[in-house]
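Before any comments, here is the structure.
Every number for a ligand or one of its atoms is a count from 1 in the order of the listing.
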Amino acid sequence: MDAKLPPGQEWIERPVAYDIGPVPPLELADFRLCVDGEVEEPLELSWGDFLKLPQAEVVADFHCVTRWSVSELRWEGVLARTILGLCRPKAGVEWVMAYGRDGYTTNIPFEYFAREDTILAHKLDGKSLPPEHGWPLRLVVPSLYAWKSAKYLVRLEFTREKRRGYWEERGYHDMGDPWREERRWKL
Ligand SMILES: Nc1nc2c(c(=O)[nH]1)N[C@H]1C(S)=C(S)[C@@H](COP(=O)(O)O)O[C@H]1N2
Ligand SMILES: [Mo]
């Protein structure tokens with residue numbers, strides 16, 4: 001028994017990159033992160049603005065629904081909690097939609113987004129994010145399967161009602177907790 005390994009998973013050395021399609025190029029000078037929807041204070045952050053926010057580090061295991069897990073990846077960036085403190089979601093917000101610049105979307109239950117280990121990461125294991133792992137910025141939600149960790153992050157939208165992202169529309173679970181094996185809602 002390995003208490004750190006969720007049911008149905010096996011350990012591998014490095015994360016395998018999965019992308020739904022090509023990722024448009026980007027100049028950092030053009031980078032913007034939008035935080036909007038049901039929030040008191042919508043944000044539009046340039047790369048410089050983002051780097052000025054308090055920086056943190058999260059060491060966490062990464063679990064993919066295709067049954068691999070990677071132990072103790074070290075992410076650096078801005079905690080989701082810091083973003084929540086700035087944008088102040090309104091009462092009744094239950095979901096966060098994350099958008100990548102490749103057109104990817106995924107819906108994240110607010111309760112998991114707000115956990116202390118959720119991070120908007122720009123570094124992995126001490127280095128700038130590799131292109132295939134989400135450069136320049138990705139969301140990392142270690143408490144959910146990896147498809148909830150949107151790469152190439154450009155927008156976070158807070159909503160009261162549930163909407164489905166790219167994989168959720170195709171049958172993946174709305175919650176996605178690896179400890180409950182919330183892999184698919186449709187078999
Ligand atoms: N923007 C974006 N984020 C994404 C994806 C994607 O195609 N586009 N794929 C998801 C899926 S299905 C998985 S399993 C993880 C894989 O993360 P990795 O490529 O860093 O290993 O990224 C998730 N985030
Ligand atoms: Mo995936």
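- Contact analysis puts Trp167 in contact with ligand 1, with a non-hydrogen atom separation below 4.0 angstrom.
- A donor-acceptor pair shorter than 3.5 Å cannot be found between the side chains of Trp11 and Asp61.
- Of the protein's heavy atoms, Tyr18 CD1, 3.3 Å lies nearest to atom 14 (S) of ligand 1.
- Here the side chain of Arg88 pairs no donor or acceptor atom with the backbone of Pro42 at under 3.5 angstrom.
- Those atoms of ligand 1 with a heavy atom of Tyr152 less than 4.0 angstrom away are 1 (N), 2 (C).
- For the ligand labelled ligand 1, residue Glu132 lies inside the 4.0 Å heavy-atom shell.
- From the protein, the heavy atom lying nearest to atom 10 (C) of ligand 1 is Tyr104 OH, 3.5 Å.
- Geometrically, ligand 1 and Gly100 share no nitrogen or oxygen pair separated by less than 3.5 Å.
- Using modelled atom types, no side-chain atom of Arg138 and backbone atom of Leu120 make a donor-acceptor pair closer than 3.5 Å.
- The ligand atoms of ligand 1 that sit less than 4.0 angstrom from a heavy atom of Cys64 are 14 (S).
- By the 3.5 Å distance cut-off applied to N or O atoms, Val16 is counted among the residues near ligand 1.
- Closest to atom 24 (N) of ligand 1 among all protein heavy atoms lies Ser149 O, 3.1 Å.
- Other residues, nucleotides and ligands contribute at most 12 non-hydrogen atoms within 6.0 Å of the CD atom of Glu116.
- Under the 3.5 Å distance criterion, with hydrogens and angles disregarded, a donor-acceptor pair is assigned to the side chains of Thr106 and Glu168.
- Crowding of Arg180 atom CZ: a count of heavy atoms from other residues, nucleotides or ligands under 6.0 Å not exceeding 12.
- If you check which protein heavy atom lies closest to atom 19 (O) of ligand 1, you get Lys151 NZ, 2.5 Å.
- Atoms of ligand 1 found under 4.0 Å from any heavy atom of Ala150, numbered from 1 in the order shown, are 3 (N), 24 (N).
- Looking at Asp19 and Tyr152, their side chains do bring a donor and an acceptor atom within 3.5 Å of each other.
- Numbered from 1 in the order shown, with element, the atoms of ligand 1 that lie under 4.0 Å from a heavy atom of Pro15 read 21 (O).
- Residue-ligand proximity: Arg138 is placed with a non-hydrogen atom under 4.0 Å from ligand 1.
- Taking all heavy atoms of Lys148, His63, His133 into account, the minimum distance to atom 18 (P) of ligand 1 is reached by His133.
- Nearest non-hydrogen protein atom to atom 8 (N) of ligand 1 is Asp102 OD2, 2.7 Å.
- You'll find the side chain of Ile20 reaches within 4.5 Å of the side chain of Trp167, heavy atoms only.
- Counting heavy atoms from C-beta outward, Trp147 and Tyr18 have side chains that stay 4.5 Å or more apart.
- Ion pairing of Glu10 with Arg67 is absent here, as no side-chain N (NZ or NE/NH1/NH2) approaches a carboxylate O to less than 4.0 Å.
- When non-hydrogen atoms are compared, ligand 1 lies under 4.0 Å from the backbone of Trp147 as well as from its side chain.
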